[in-house]
2 protein chains.
Amino acid sequence: MQTRRRYHHGDLRAALLTGAEDTIREKGPAALSLRELARDLGVSHAAPSRHFKDKQALLEALALVGFDRITQTMTAALVGAGESFAGRLAAGARAYVDFAVANAELLDLMYSIKHAPEASEELSAASQRWTEQMMSLIAEGQRRGEVREGPLERVGTGVFSTLHGYATLVASDSLPEEMPGGGLDELVAYILRGCAPDK
Amino acid sequence: MQTRRRYHHGDLRAALLTGAEDTIREKGPAALSLRELARDLGVSHAAPSRHFKDKQALLEALALVGFDRITQTMTAALVGAGESFAGRLAAGARAYVDFAVANAELLDLMYSIKHAPEASEELSAASQRWTEQMMSLIAEGQRRGEVREGPLERVGTGVFSTLHGYATLVASDSLPEEMPGGGLDELVAYILRGCAPDK
DNA sequence: ACCTGAACACCGTTCAAGT
DNA sequence: ACCTGAACACCGTTCAAGT
């Protein structure tokens with residue numbers, strides 16, 4: 001009774017988000033049912049509509065949570081990393097891959113929901129913050145002279161693509177080998193060669 | 001009457017696949033309804049179940065079509081490319097990016113459906129054929145001495161990750177700049193540096 | 001072999017009404 | 001402000017029955 005009352009006091013929205021995340025993690029986004037979610041939380045099936053206008057809105061809010069989380073995770077990883085660009089890149093790569101593996105379906109959702117033309121302003125802002133964080137890591141490398149000069153969009157795109165591609169391929173189990181541990185070091189070396197200054 | 005009869009003669013399965021592909025392209029995978037599909041094709045709502053045991057089976061078959069198509073598209077692009085590794089890599093990258101842009105939702109489906117634990121044998125075989133085609137492009141580069149030596153899984157993973165990441169990011173409109181045309185050349189140069197032999 | 005029609009249990013969404 | 005209950009139109013899936 002007490003726990004149920006709490007939903008009447010403002011955290012049904014948060015409960016819906018975490019419940020939805022659990023569902024997509026365990027059974028995929030297609031298995032998400034608003035009515036089942038409401039049932040599990042002990043509210044009526046119409047209650048969620050007070051917090052999310054429809055299912056799509058809930059999914060967008062979830063994607064936003066994902067972008068915020070990966071951005072924050074990356075920040076934490078970089079705080080603990082050393083000063084060398086190679087070390088910071090490795091730490092960032094590790095964080096991204098770990099996130100992708102632990103949140104595979106959420107990561108899918110984050111990037112697939114942008115196909116929807118009605119993507120909210122908030123969502124694209126969060127996505128942009130994440131992209132910019134990756135780019136600013138490259139900018140660090142440029143300042144240290146370990147990354148070639150040039151417009152960040154050009155120089156950073158390769159690095160971002162490689163990390164994103166590797167993380168999503170690992171998450172979808174699409175790489176020919178698991179490469180436990182050593183695979184990432186190899187990847188970081190490849191990236192460093194790709195973006196190193198000439199000569 | 002004639003057109004309807006054809007569905008009674010063996011191509012309802014193909015019609016369901018192309019219809020489903022049109023739907024996910026235009027309205028996303030969440031909007032796919034078997035009943036609506038059947039209605040549009042002039043058959044009863046129960047007819048699709050003769051060809052696909054459930055919705056998931058249809059989506060898996062669609063993903064399989066996607067893997068076959070990108071593999072075939074890539075083959076065609078490489079036939080028309082020159083002999084130099086740089087040229088062939090550029091042609092492959094162009095083909096992948098074009099496919100990703102033209103089939104954004106299908107590409108999503110191809111990689112997200114693998115999260116489902118019941119993914120068919122056929123599907124994972126098609127996915128593996130596609131991965132192996134990418135890898136054999138790298139192997140070409142190795143034979144020409146333009147790609148560093150080493151196990152293909154290690155050397156090729158970086159290249160594959162970069163191409164896959166770039167293609168999916170472009171498809172989901174997640175890159176800071178459109179980089180029309182020139183962006184891909186820059187990316188190919190980055191990849192070539194990353195996988196070039198030492199010294 | 002392939003499809004139909006009815007049936008079942010479940011959805012998402014809306015809206016008057018309650019507290 | 002937030003939630004309920006009923007209502008509506010729509011699903012996916014199954015299965016006896018038709019051809």
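Labels below follow one simple rule: chain letters A, B, ... track the order of the sequence lines, proteins then strands, and each chain is numbered from 1. Predicted, not measured: the structure shown is a model, and the values here were computed from it.
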Legend entry - Nearest-nucleotide pick for A:H45, side chain only, options being D:dC3, D:dA6, D:dC11: D:dA6
Legend entry - Atom-pair distance (CG on B:D11; P on C:dC2), nearest Å: 12 Å
Legend entry - CD (A:E26) with more than 12 external heavy atoms under 6.0 Å: yes
Inset, instruction - When you get a sec, tell me which of D:dT14, D:dG12, D:dT4 is the closest nucleotide to the side chain of B:R35? - result: D:dG12
Inset, instruction - Please check if the side chain of A:R35 supplies one atom and the backbone of A:H45 the other of a donor-acceptor pair under 3.5 Å. - result: no
Inset, instruction - Salt-bridge test for B:R154 and B:E149: reply yes if a basic N is under 4.0 Å from a carboxylate O, no otherwise. - result: no
Inset, instruction - Would you indicate what B:R13 reaches in the nucleic acid, counting non-hydrogen atoms under 4.0 angstrom: base, sugar-phosphate, or nothing? - result: nothing
Legend entry - A:R39 vs A:S49, nearer the 5' end of DNA chain C by closest nucleotide: A:R39
Inset, instruction - Using a heavy-atom cut-off of under 4.0 Å over every strand shown, decide if B:S33 touches base, sugar-phosphate, or nothing. - result: sugar-phosphate
Inset, instruction - Give the nucleotide from the list C:dT14, D:dT14, C:dC3 with an atom nearest to the side chain of B:A46. - result: D:dT14
Legend entry - Interatomic distance where CG belongs to B:L34 and C1' belongs to C:dC10 [whole Å]: 15 Å
Legend entry - Closest nucleotide among D:dG12, D:dC3, C:dC3 to the B:H51 side chain: C:dC3
Inset, instruction - Report which part of the nucleic acid A:L32 touches: base, sugar-phosphate, or nothing (heavy-atom distance under 4.0 Å, all strands). - result: sugar-phosphate
Inset, instruction - State whether A:E140 and A:R144 are salt-bridged, where the test is any N-O pair (Lys NZ or Arg NE/NH1/NH2 against Asp/Glu carboxylate O) under 4.0 Å. - result: no
Legend entry - Note: B:E60-B:K53 ion pair, threshold 4.0 Å (strictly below): no
Inset, instruction - Take the protein atom CG of A:D54 and the nucleotide atom P of D:dC10, then report the distance between them rounded to whole Å. - result: 17 Å
Inset, instruction - Find the partner of D:dC15: check Watson-Crick (N1-N3 plus N6-O4 or O6-N4) and G-U wobble (N1-O2, O6-N3) distances, both under 3.5 Å, and reply none if neither fits. - result: C:dG5
Inset, instruction - Name the closest nucleotide to the A:R50 side chain, picking from C:dC3, C:dT14, C:dA16. - result: C:dA16
Inset, instruction - For the side chain of B:S44, starting at C-beta, report the closest nucleotide among D:dC3, C:dC3, D:dA6. - result: C:dC3
Legend entry - Atom pair distance, as rounded to whole Å: CG in B:L12 and P in C:dA1: 17 Å
Legend entry - Interatomic distance where CZ belongs to B:F52 and C1' belongs to D:dT14 [whole Å]: 18 Å
Inset, instruction - When you get a sec, tell me which of D:dT14, D:dT4, C:dT4 is the closest nucleotide to the side chain of A:A47? - result: D:dT4
